Asker: 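The structure's right below; bear with me while I get my questions together.
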There are 2 protein chains.
Amino acid sequence: MRELFHPTTDQFNLPTILYALGDPNRLQIIKNLSSQNETTCACCNVNLPKSALSHHFKVLREAGLIYVRLEGKQRYLSIRYKELEERFPGLLNVIIKSE
Amino acid sequence: MRELFHPTTDQFNLPTILYALGDPNRLQIIKNLSSQNETTCACCNVNLPKSALSHHFKVLREAGLIYVRLEGKQRYLSIRYKELEERFPGLLNVIIKSE
DNA sequence: GAAATAGTTCAATTGTTATTGAACTATTAA
DNA sequence: TTAATAGTTCAATAACAATTGAACTATTTC
């Protein structure tokens, strides 16, 4: 794997995004990421085996919620905040701030 | 069935709500409902057999997204706009307006 | 009270998704 | 070049969710 698929903003799809956020583990990941600029997979503070984390990161990435930057032996994760805001203004803020 | 369960606002749960909206059929139902004040199950403009519709309405109702009022032999559906707005301000507007 | 209407529930099926550990790949460090 | 590290992929399983038609319930109308 040398290049990771990231949808363009016009490929963003609302039900897909909501579905991705509809899982408690993934929602937690997004909330955790939102308080950090960029972080590695291991630093997400979600207590799951790495294969499970990998799965959830993939769902989030393919929905367009996170960007995964490859650097050395690590992957740095960040929320695609600007693009999401552009396409679905307000959505992410509501979600991150809730509760 | 004489009384339908509707969660109170403090029982609203974000992942549950997002999950409910993460299904294309249910998202369409919500979008359709948003342009009507109150409507019966049959008037949702979603082309599914009634048993499937009934299932989706239940998921939406139990998540707190819609209110179902029993009157005679019909059920009148409406979005719980005010309560949702109170608990997750902006969420529904983003969703309804998107695309 | 029989028929029509509006919707629910049931049971069966199908399809999808989450979860796991083990094996794997790629990169860096010793 | 070997070992360690960071994460992915695979295969198996288990759990859950969507979909359907048929049977059911409740209400209204004839």
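Every chain is numbered from 1 and lettered A, B, ... according to where its sequence line falls, protein lines coming before strand lines. Just so it is clear, the model here is predicted, and its values are computed rather than measured.
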Asker: Whole angstrom is fine here: how far is it from CD in B:E3 over to P in C:dT8?
Answerer: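 These atoms are roughly 15 Å apart.
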
Asker: Which one, D:dT8, D:dT20, C:dT8, comes nearest to the side chain of B:S54?
Answerer: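 Of all the options, the side chain of B:S54 is nearest to C:dT8.
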
Asker: With a 3.5 Å cut-off and no angle check, do the side chains of B:Q36 and B:N32 form a donor-acceptor pair?
Answerer: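 There is no such pair (donor and acceptor under 3.5 Å, judged by atom type) between the side chains of B:Q36 and B:N32.
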
Asker: Please tell me which of A:H55 and A:K73 maps to the more 5' nucleotide of DNA chain C, matching each residue to the nucleotide holding its nearest heavy atom.
Answerer: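 Upstream on the strand: A:H55.
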
Asker: Separation of A:L48 atom CG from D:dG7 atom C1', in whole Å?
Answerer: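 Rounded to the whole Å, the gap is 15 Å.
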
Asker: Should B:Y19 and B:N13 be marked as a side-chain hydrogen bond (donor to acceptor under 3.5 Å, both in side chains) after you check the CA-CA gap, both sets of side-chain angles, and the distance that decides it?
Answerer: CA-CA 10 Å; B:Y19 174 80; B:N13 173 263; over 6 Å; no

Asker: Using atom OH of A:Y76 as one end and atom C1' of D:dT5 as the other, report the distance to the nearest whole Å.
Answerer: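 Distance check: A:Y76 OH to D:dT5 C1' gives 12 Å.
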
Asker: Could you state the CZ-C1' distance from A:F57 to D:dG7, rounded to the nearest angstrom?
Answerer: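 Going from CZ in A:F57 over to C1' in D:dG7 covers 10 Å.
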
Asker: Should A:R75 be listed as having a side-chain N or O under 4.0 Å from OP1 or OP2 of C:dA26?
Answerer: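 Checking A:R75 against C:dA26: no side-chain N or O falls below 4.0 Å of OP1 or OP2.
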
Asker: Pick the closest DNA chain C nucleotide for A:K50 and for A:N25 by heavy atoms, then say which residue is nearer the 5' end.
Answerer: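 It is A:N25 whose nearest nucleotide is closer to the 5' end.
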
Asker: Check the distance between C:dT27's P and A:E71's CD and give it to me in whole angstrom.
Answerer: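 Between P of C:dT27 and CD of A:E71: 12 Å.
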
Asker: Look at the side-chain N and O atoms of A:R26 and state whether any lies under 4.0 Å from the OP1 or OP2 oxygen of C:dA18.
Answerer: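 Result: yes.
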
Asker: Report the distance from atom OH of B:Y76 to atom CG of B:L70, rounding to the nearest 0.5 Å.
Answerer: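 With rounding to 0.5 Å, OH (B:Y76) is 11.5 Å from CG (B:L70).
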
Asker: Can you find a heavy atom in the side chain of A:L21 that is under 4.5 Å from one in the side chain of A:R26?
Answerer: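 When only atoms from C-beta onward are counted, A:R26 and A:L21 do not touch, as no gap falls below 4.5 Å.
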
Asker: Using atom CZ of A:F5 as one end and atom P of D:dT8 as the other, report the distance to the nearest whole Å.
Answerer: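 These atoms are roughly 16 Å apart.
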
Asker: What I want to check is whether an N or O donor and acceptor connect the side chain of B:S51 with the base of D:dG21 at under 3.5 Å.
Answerer: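 A donor-acceptor contact between them is present.
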
Asker: Looking at C:dT8, D:dG21, D:dA6, which one has an atom nearest to any side-chain atom of A:Q74?
Answerer: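 From the listed options, D:dA6 comes nearest.
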
Asker: Atom NZ of B:K58 to atom P of D:dT19: distance rounded to whole Å?
Answerer: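 Rounding to the nearest Å, NZ of B:K58 and P of D:dT19 are 15 Å apart.
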
Asker: Applying the side-chain contact (heavy atoms from CB on, under 4.5 Å) test to A:F57, which of A:L4, A:V68, A:I29 qualifies?
Answerer: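 The passing option is A:I29.
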
Asker: To the nearest angstrom, how far is A:L4 atom CG from D:dA6 atom C1'?
Answerer: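 For the pair A:L4 CG and D:dA6 C1', the rounded distance is 13 Å.
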
Asker: When all nucleic acid strands are considered with a 4.0 Å heavy-atom cut-off, which category describes A:Y19: base, sugar-phosphate, or nothing?
Answerer: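 Sugar-phosphate, no base atom in range.
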
